[in-house]
Amino acid sequence: LLTADRGWLTGHTFCGIMFDLEVLSADTTKIPIHSLKITSVSVKGTLGPMGVYSTPDSYEGKHQRAEQWTQHYEEEHGPSRDALQELQFDEDKPLV
């Protein structure tokens, strides 16, 4: 289980967020791994229509190039300000 603490963003509203993933060791050097399989993410807030997408290598320069995105999740969610809601990806399309 990997948790990304975004406490400083509490109360913010997003229409979308993009970021790259990188695996680091305790001394912040890169760890050689073959792959990292992510099968879900959890979110909370007002929510609504939720979608999760990925792009090969990096999101940089692909903000408006939807043809380069792979969709992993799309569903409507009601408000959940206190409890995290898991967005479970399609089994055929994990983030790798």
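Since this is a predicted model, take the numbers as computed values, not measurements.
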Glu60 CD to Asp20 CG distance, which is reported to the nearest 0.5 Å: 6.0 Å
Working for side chain to side chain contact (heavy atoms under 4.5 Å, CB included), residues Arg81 and Thr46: CA-CA 6 Å; Arg81 295 178 191 261; Thr46 304; 3.2 Å; yes
Exam field: side chain Trp69 to backbone Gln64, donor-acceptor pair closer than 3.5 Å: no
Full working for side chain to side chain contact (heavy atoms under 4.5 Å, CB included) between Val41 and Phe89: CA-CA 8 Å; Val41 296; Phe89 303 157; 3.9 Å; yes
Residue pair Gln88, Thr39: steps toward the side chain to side chain contact (heavy atoms under 4.5 Å, CB included) verdict: CA-CA 6 Å; Gln88 184 75 40; Thr39 58; 3.9 Å; yes
Flag, side chain of Lys62 to backbone of Pro56, donor-acceptor distance under 3.5 Å: yes
Min side-chain heavy-atom separation Gln71-Val52 under 4.5 Å: no
Pair Glu86-Ser40, side-chain donor/acceptor within less than 3.5 Å: yes
Inter-residue atom distance Lys44.NZ - Asp82.CG, 0.5 Å rounding: 6.5 Å
Transitive ILVMFWY side-chain link Leu84 to Ile38, under 4.5 Å: no
Passing candidate, side chain to side chain contact (heavy atoms under 4.5 Å, CB included) with Pro49, options Glu74, Glu76, His77: Glu76
Short side-chain donor-acceptor distance under 3.5 Å, Gln85 and Ser80: yes
Thr70 vs Ser54 side-chain heavy atoms within contact, under 4.5 Å: yes
Spacing of CD belonging to Gln68 relative to NE2 belonging to His63, to within rounding of 0.5 Å: 12.0 Å
